[in-house]
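A, B, ... follow the sequence lines: proteins, then strands. Residue 1 opens every chain. Computed from a predicted structure; not experimentally measured.
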Amino acid sequence: MPSFDLSKKLPLNFYHQDLLTAAQKLLGKILVRKIDNSFYLYTKIVETEAYSKNGDEASHSFKGKTKSNSVMFEGGGKLYVYFTYGMYYCSNIVIGNAEQGEAVLIRAAEPLNGFDILSINRFKKNKISEKEKFNLTSGPGKLSIALNITKNENGMDLLGNEIFILDNDDIPKNDIVTSKRIGITKSKDLLWRFFIKNNPYVSKK
DNA sequence: ATCAAGATTACCT
DNA sequence: GGTAATCTTGATA
């Protein structure tokens with residue numbers, strides 16, 4: 001596993017750039033989750049989707065601020081976690097100014113260490129098959145289970161020390177695939193999904 | 001008070 | 001390909 005420099009944490013201004021630019025620049029960045037007050041889980045973001053209050057009916061923020069989506073209106077640099085389908089949590093990075101109601105859903109990431117921990121969180125066992133390995137974090141609900149992100153983490157400051165993102169080289173444009181977003185019924189033709197070409201941890205082919 | 005929808009996943013044929 | 005599981009929330013009455 002490569003070594004990581006915790007001082008390369010993305011600064012606040014990263015979270016205050018254009019939404020679709022941020023969704024693409026988040027690809028390849030290192031999502032870090034601190035567990036047991038000491039161990040750092042590292043995953044590389046490989047798939048994202050953008051959501052906005054502006055012109056995007058699929059976004060939780062489209063109809064304005066409510067109790068459940070309020071973190072989307074707290075401004076860039078926060079973690080927005082929502083509960084869906086009665087079973088799953090999904091993790092988002094809030095982008096832009098508070099009134100913009102914008103966020104990037106982290107749909108999938110590539111595990112870089114701590115496979116035993118991820119495996120126990122996901123499958124309740126630490127010995128997993130090759131197939132299960134690629135099923136650890138290859139979807140927004142799965143990723144949140146593996147990283148133990150729940151409603152308790154909603155609203156967390158990404159400039160803090162529990163959950164944060166480290167800078168890493170941008171993915172070359174030719175290696176970023178753009179597509180329609182998954183699992184929505186409104187504004188479904190927007191090409192606001194981005195993923196790293198040929199990465200085996202992307203949620204769908 | 002009631003109800004349908006939902007930024008998903010696992011399992012089935 | 002299809003669908004059940006599972007429950008919170010916002011909308012409507």
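Note: NZ (A/K188) to P (B/dG6) measures 12 Å, nearest angstrom. When the C1' atom of B/dC11 is taken as reference, atom CZ of A/F123 falls 14 Å away, rounded to whole Å. Regarding A/F62, its CZ atom lies at a distance of 18 Å from the C1' atom of C/dT9, rounded to whole Å. One interatomic measurement links the two molecules: CG of A/N69 to C1' of B/dA5, which rounds to 16 Å at whole-angstrom precision. Atom CD1 of A/I95 is separated from atom P of B/dA7 by 19 Å (rounded to the nearest Å). Taking atom NZ on A/K63 and atom P on C/dT9, their separation rounds to 16 Å, with Å as the unit. Look at CD1 on A/I106: it is 14 Å from P on B/dT8, rounded to the nearest Å. Residue A/K142 contributes atom NZ, which lies 11 Å from atom P of B/dT8 at whole-angstrom precision.
You'll find the ring centres of A/Y89 and A/Y82 outside the 6.0 Å limit.
A stacking contact links A/Y85 to B/dT8: the aromatic ring centre lies within less than 5.5 Å of the base's six-membered ring centre, and the planes differ by less than 30°. B/dA7 has its base stacked against the ring of A/Y51, the centroids being under 5.5 angstrom apart at an interplanar angle below 30°.
A distance of about 16 Å separates the P atoms of C/dA4 and B/dA4, rounded to the whole Å. Nucleotides C/dG1 and B/dA7 have their C1' atoms positioned 23 Å apart, rounded to a whole Å. Between B/dA5 and C/dT3, the two P atoms lie 16 Å apart (nearest whole Å).
Between B/dA10 and A/R122, a contact under 4.0 Å exists linking OP1 or OP2 to a side-chain N or O. A sub-4.0 Å separation between OP1 or OP2 of B/dT8 and a side-chain N or O of A/R107 is present. Between A/S68 and C/dT9 there is no side-chain polar atom (N or O) within less than 4.0 angstrom of OP1 or OP2. For A/T185, a side-chain nitrogen or oxygen approaches OP1 or OP2 of B/dG6 to under 4.0 Å. Contact check, A/S59 against B/dA7: no side-chain N or O comes under 4.0 Å of OP1 or OP2.
Side chain to side chain, A/K133 and A/S129 fail the donor-acceptor criterion of an N or O pair below 3.5 Å.
At the heavy-atom level, A/L105 lies under 4.0 Å from base atoms of the strands shown.
A/K25 has a carboxylate O that lies under 4.0 Å from a charged side-chain N of A/D170, or vice versa, which qualifies the two as a salt bridge. Between A/K180 and A/E49 there is no salt bridge, since no side-chain N of the basic residue sits under 4.0 Å from a carboxylate O of the acidic one.
Nearer the 5' end of DNA chain B, as judged by each residue's closest nucleotide, is the contact made by A/K186, out of A/K186 and A/N135.
Under the 6.0 Å distance and 45° angle rule, A/K9 counts as a cation-pi partner of A/F164.
Each of C/dT8, B/dA7, C/dG10 was ranked by its minimum atom distance to the side chain of A/T66; first place goes to C/dG10.
A donor-acceptor pair is defined here as one N or O able to donate and one able to accept, closer than 3.5 Å; no such pair exists between the side chain of A/D36 and the backbone of A/S38.
B/dA7 is unpaired under the criterion used here, namely a Watson-Crick or G-U wobble arrangement in which both key atom distances are under 3.5 Å. The base-pairing partner of C/dA11, taking Watson-Crick or G-U wobble contacts with both distances under 3.5 Å, is B/dT2.
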